[in-house]
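The sequence lines fix the lettering, A, B, ..., with proteins before strands; numbering per chain opens at 1.
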Protein chains: 2
Amino acid sequence: MRPPAAPKRVTLAQVAELAGVSVMTASYTYNRPGRVSEQARAKVLAAADRLGYAGPDPSARSLRRGSTRTLGVVLGEHLNYAFEDPQAASFLAGIAEVCAGRGYGMTILPVTGAADDAERIRTAAVDGFIVWTTSDDDPVLEAVRAMKRPAVVHGGPAVRGLALVGIDNRAAARAAGAVAFAGAERPAVLSFPLSRERISSVSSGTDPAGVLFPVTRERLEGYRQAAGAAGIAWADVLVAVCARNDAAEAEQVTATLLAAPEPPDAVAAMSDQLAAGVVRAAGAAGLLLPDDLAVTGWDDGAVAAELGLTTVAQSLRDQGTACAYLALGEKPVSTAAPWSVVRRGSTRH
Amino acid sequence: MRPPAAPKRVTLAQVAELAGVSVMTASYTYNRPGRVSEQARAKVLAAADRLGYAGPDPSARSLRRGSTRTLGVVLGEHLNYAFEDPQAASFLAGIAEVCAGRGYGMTILPVTGAADDAERIRTAAVDGFIVWTTSDDDPVLEAVRAMKRPAVVHGGPAVRGLALVGIDNRAAARAAGAVAFAGAERPAVLSFPLSRERISSVSSGTDPAGVLFPVTRERLEGYRQAAGAAGIAWADVLVAVCARNDAAEAEQVTATLLAAPEPPDAVAAMSDQLAAGVVRAAGAAGLLLPDDLAVTGWDDGAVAAELGLTTVAQSLRDQGTACAYLALGEKPVSTAAPWSVVRRGSTRH
DNA sequence: CTGTTAGCGCATTCAA
DNA sequence: TTGAATGCGCTAACAG
């Protein structure tokens, strides 16, 4: 069963005929109002109104001008996660702002990991692509590149032919880790998933090189460097993986860690959400921050300020706008986004 | 400055020529692979590969077949709010699921309240529209109707010619209010904004009829009926409006209410987020739930379960899928969505 | 200010 | 299984 046909369209030609003008005058009425006399304009609009003409057909228009005036945003994994992640929300809002200002649309291209992902990219009627951070081996990246349109990846991986927008995650993790691990003896990392399978796990001495998500990998590398600089062997650092970026799961995972014989005394978390879970678990265990347990988050969202979290500040919204400019084929202010460590009471001084 | 021209497109005709076949054989290779011989297919794909042909042009295809295979989702107010609202996220995920299954795209149409909103609707290359709940007087509704495509409004307002999906907010508020206000003497309502201006305020005996957002209006009406049934005059019921659907603001507003000489002993909130703020304010004031203060939320999100909130359960995700089916021109399972009151420890028994 | 011409790239006919 | 013709609805480019 095919999709129901669109209702019989009224065409510009019909409007023009009823108005007693040429098709071009009708077209100008919609596209270059200044070039049409007041009377002609009135006649065209009256005719359009009588016929119920809703304006030029977008597809025909796109074909004719060779541009759809729409940007495509590729969101991987489950859309649930994508939309529920407050940082992704800010990012999308940044894109939407630019689109709205330019009169552009914004098409969400959900990627499920199934075989038809590439197909969905190929059939997308968009002028440019923005890819939300994904894994090194995601075939969608090649599909996007094959479209030969302006395209940008947020976060990573870096792909030849595609622009890249994001912060230096390694440097930021190194800096945040330095604060988190200062004076600690048994630091731990609360990490995003290490593989597409999103498996929760706890291990130590985790080799970052095996991680396919570049953002996660670089942050692990940064934390490792920070541990080394603090005189702590990476092999002694626990890495606990949360399948979801979710305070509840982080709380549970942290509670388990804290119940161990030698519980961690510092946790560097890859998001404020995860850090919030750590804070809650610490409270439940009767620990005092930062002396019993130091905690750092990531993103400097509203939660971080509320909880007094030391965290990595970055603006996903600004990164979204930068991506949008690149996807429009314009030069953005910069592709290396700024970041900083915001120190609050959750870490030792 | 015009948008940068798309890169010179390789056309199907060029591919066909290089492959030594007709244009139609090339077209069939992409659209009806079964109708093309293995050799012809191979020749076409080889030629496409050599030329870097990325597949049929989506705009041309849409024009030809009269369908864009894309749904438009109209999101009002600030996109920040839209994306940050977890319920909106579920709703979008529900739509995205259906779109992904059908091979459809999903275009976000941000509506800013400016004059060009209608224009953005008119130029959207979509087969159907889904409008996220808005105010009675939103001009976007008329713009959508004028497109004469399948269209559905979520939540409200009801518009002739557009389908409507949502729960019976009045009945649900009456039921939730009955539980919230049971045994209470000074009930209050924590409400969404009453006007587009999103002004925070506290008043009593607020006339629901003046509220332009149908969802908010109907909930107020339901709460009023519940108050009446509990023997409490509506004029004695405080209605506190939060500008944002945000626990932090709700906490602050509630703290103010609780500091009054005759503080409320029951609060019916229009979302779990707002209710969470109430719970926090109550905790800070040293009040015990439900005896000192009864609280109800709305949506039965993760927060509600965590906090033991009595709340109105509904599935925004299912409502999203229902909207998607309607916008595709298919009949959904139902347009009147189910709801129920989930009783937990935050209300009196 | 208005009109004529031409064709964007493709897929639905219909014929071979 | 393949191909030729046709036009989807519109607007750039150029006359008048």
Visitor: So B/Arg65, base contact, sugar-phosphate only, or nothing? Heavy-atom distance under 4.0 Å.
Guide: nothing
Visitor: I need the full list of salt bridge (Lys or Arg N to Asp or Glu O under 4.0 Å) pairs touching residues 52-66 of chain A, with sequence neighbours left out, sorted by first then second residue.
Guide: A/Arg9-A/Asp57
Visitor: Figure out the CE/P separation between B/Met24 and D/dG3, and round it to whole Å.
Guide: 10 Å
Visitor: Distance-only, no hydrogens or angles: does the B/Arg149 side chain make a donor-acceptor pair with backbone N or O of B/Val126 under 3.5 Å?
Guide: yes
Visitor: Let me know the distance between CZ of B/Arg69 and P of C/dC10, rounded to the nearest Å.
Guide: 15 Å
Visitor: Quick one: label A/Leu63 by what it contacts on the DNA or RNA (base, sugar-phosphate, nothing), any heavy atom closer than 4.0 Å.
Guide: base
Visitor: Look only at the side chain of B/Asp117 and the backbone of B/Val140, and say whether a donor-acceptor pair between them is shorter than 3.5 Å.
Guide: no
Visitor: Using modelled atom types and a 3.5 Å cut-off, is there a donor and acceptor pairing between side-chain atoms of B/Thr133 and backbone atoms of B/Gly156?
Guide: yes
Visitor: Decide yes or no for A/Thr107 and A/Leu71: does some side-chain heavy atom of the first lie under 4.5 Å from some side-chain heavy atom of the second?
Guide: no
Visitor: Please give, in whole Å, the distance from C/dG9 P to B/Glu17 CD?
Guide: 14 Å
Visitor: If you assign each of B/Tyr30 and A/Gly20 to its closest nucleotide in DNA chain C, which residue comes earlier from the 5' end?
Guide: A/Gly20
Visitor: Can you tell me how far C1' of D/dC8 sits from CZ of A/Arg64, to the nearest Å?
Guide: 14 Å
Visitor: Does a side-chain N or O of B/Arg32 approach OP1 or OP2 of C/dT12 to a distance below 4.0 Å, or not?
Guide: yes
Visitor: Looking at residues 35-58 of chain A, who's got a heavy atom less than 4.0 Å off DNA chain C?
Guide: A/Arg35, A/Val36, A/Ser37, A/Ala40
Visitor: Could you tell me whether the phosphate oxygens of D/dG3, OP1 or OP2, come under 4.0 Å of any side-chain nitrogen or oxygen in B/Thr25?
Guide: yes
Visitor: Is there a side-chain polar atom (N or O) of A/Ser27 under 4.0 Å from OP1 or OP2 of D/dC10?
Guide: no
Visitor: Mind calculating the distance between CG (B/Asn31) and P (D/dT2) to the nearest angstrom?
Guide: 15 Å
Visitor: Between B/Leu12 (CG) and D/dA4 (C1'), how many Å, whole number?
Guide: 15 Å
Visitor: What I'd like to find out is whether the side chain of A/Glu330 reaches to under 4.5 Å of the side chain of A/Arg102, using heavy atoms alone.
Guide: yes
Visitor: Please identify each residue that fulfils side-chain hydrogen bond (donor to acceptor under 3.5 Å, both in side chains) with A/Arg35, with sequence neighbours left out.
Guide: none
Visitor: Whole angstrom is fine here: how far is it from CZ in B/Arg122 over to C1' in D/dC10?
Guide: 17 Å
